[in-house]
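Since the structure comes first, as structure tokens, the remarks are kept for the end.
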Amino acid sequence: MFVALTLFTIMFALGLGLRSDAIAGLRQKPFLIARVLVGSCLLVPLLALLLLLPLSASLSGPARLAIALMALCPSAPMILRKAGKKGGDTELAALLQVGAALVAIVSIPFMADVFRAAFGVQNWDIGPKEVALQVGRTQVLPLLLGLLVRRWLPGLTKTVEVPLNKLANGRLLVLIGGVVVTTGPLLIPFVGANWLALGFMGVLVLLCLGVGYLLTPTSASHERLTVSLVTSMRNPGLALLFASTYARDLPGVKIAVVAYLVVTVLLSIPVLKLIGRSPTLASA
């Protein structure tokens, strides 16, 4: 319940803060946005699948499932904040996050079926109807409510926008911290037994950053940085929600999701600095 409420708060805050000039960007850069959504929602999961197939037998079940879930779940809740701090395009980030949340209704169950068929297993049984309902309740519905409140109650929006964003980010941090605390006894054994999985996570994060960079070969550095963020940073809240729903008998999945998040943050910081400081990196 806390996971679902956290996601609801995050997406409501996003809808509340989505300005009209960000929505206008859809008409100005439709092909860029379409490329990024395909890359984040389809190419990243396919890339993870291609890497997992030859290594599947060497990874533990919880690590394998956590990697799959993170690859499947686009639209990281903290993208807007990260884009602003790193010199990215916050309006483009907002638009891409909204688009990814909508596309995820179709892409997650579709790619989950692809993963299940590829590995021939049943413990990844994420059905399309259930996923659509969960994504719709926790992402699309609060997003639409936030947009409606912004449209019809602008005064209220100005009052609650900043506090609500702080609340949403705080709830996400509490959620991740709670997972670490409740699964703390599993952390050291997980790290000790899953060095290969951690290395795999690192390789996948770097490849996802590269995908984002390659999707914007002629764009300005702030757009390349934003797109790299969008493709590499997955949605840990949604992944934890699916882990709680579909992998209750595998407690290690949650700590593996948090491990993936930590690896993403540690590896993305230097790469994003390099992208932000090197506008001509592509030609070089």
Does anything in residues 187-200 pair up under side chain to side chain donor-acceptor pair (under 3.5 Å), and if so which pairs, sequence neighbours excluded?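 Passing the test, one end in residues 187-200: Ser60-Asn194.
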
Approximate separation, where rounding is to 0.5 Å, of [X] [atom1] and [Y] [atom2]:
| X | Y | atom1 | atom2 | value |
| --- | --- | --- | --- | --- |
| Glu223 | Leu96 | CD | CG | 9.5 Å |
| Ile33 | Leu95 | CD1 | CG | 4.0 Å |
| Thr226 | Leu32 | OG1 | CG | 9.5 Å |
| Leu92 | Leu229 | CG | CG | 10.5 Å |
| Leu72 | Ile67 | CG | CD1 | 12.0 Å |
| Arg64 | Ser58 | CZ | OG | 10.0 Å |

Taking the side chain as C-beta and beyond, is there a heavy-atom pair between [X] and [Y] under 4.5 Å?
| X | Y | result |
| --- | --- | --- |
| Leu59 | Leu52 | yes |
| Ile108 | Leu238 | yes |
| Thr138 | Thr6 | no |
| Val253 | Phe242 | no |
| Phe8 | Leu145 | yes |
| Leu261 | Arg234 | no |

Hey, any chance [X] and [Y] share a hydrophobic cluster, counting ILVMFWY side chains that come within less than 4.5 Å of each other, even indirectly?
| X | Y | value |
| --- | --- | --- |
| Val98 | Leu148 | no |
| Leu241 | Val106 | no |
| Leu5 | Leu167 | no |
| Leu164 | Leu147 | no |
| Val114 | Leu51 | yes |

List the atom of [X], the atom of [Y], and the distance in Å for their closest heavy-atom pair.
| X | Y | answer |
| --- | --- | --- |
| Cys208 | Ser232 | CB-CA, 3.7 Å |
| Pro142 | Gly136 | CD-O, 4.2 Å |
| Leu65 | Ala247 | CD2-CB, 3.6 Å |
| Phe115 | Ala48 | CZ-CB, 4.4 Å |
| Gly212 | Val227 | O-CG1, 3.3 Å |
| Ser40 | Val44 | O-CB, 3.8 Å |

Contacts of type side chain to side chain contact (heavy atoms under 4.5 Å, CB included), residue [X], not counting sequence neighbours:
| X | value |
| --- | --- |
| Ala239 | Leu69, Met70, Cys73, Val257 |
| Val149 | Phe12, Leu16, Leu153, Leu156, Thr157 |
| Leu266 | Val262 |
| Ala100 | Leu37, Cys41, Pro74, Ser75 |

Residues 196-206 side chain polar contacts: donor-acceptor under 3.5 Å, at least two apart:
none

With a cut-off of under 6.0 Å to the ring centre and 45° to the axis, is Arg171 in cation-pi contact with Phe2?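 Yes, Arg171 sits over the ring of Phe2.
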
Can you sort out the partners of Thr9 under side-chain hydrogen bond (donor to acceptor under 3.5 Å, both in side chains), two or more places apart, ordered by chain and number? none

Run the side-chain hydrogen bond (donor to acceptor under 3.5 Å, both in side chains) test against Ser244 and tell me which residues pass, sequence neighbours left out. Lys254

Please walk me through it: do Met111 and Leu46 pass side-chain contact (heavy atoms from CB on, under 4.5 Å)? CA-CA 8 Å; Met111 291 307 305; Leu46 287 175; 3.5 Å; yes

Could you go through the side-chain contact (heavy atoms from CB on, under 4.5 Å) check for Leu225 and Tyr213 one step at a time? CA-CA 7 Å; Leu225 187 148; Tyr213 193 88; over 6 Å; no

Arg35 side-chain N/O to Leu215 backbone N/O, donor-acceptor pair under 3.5 Å: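 A pair under 3.5 Å: yes.
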
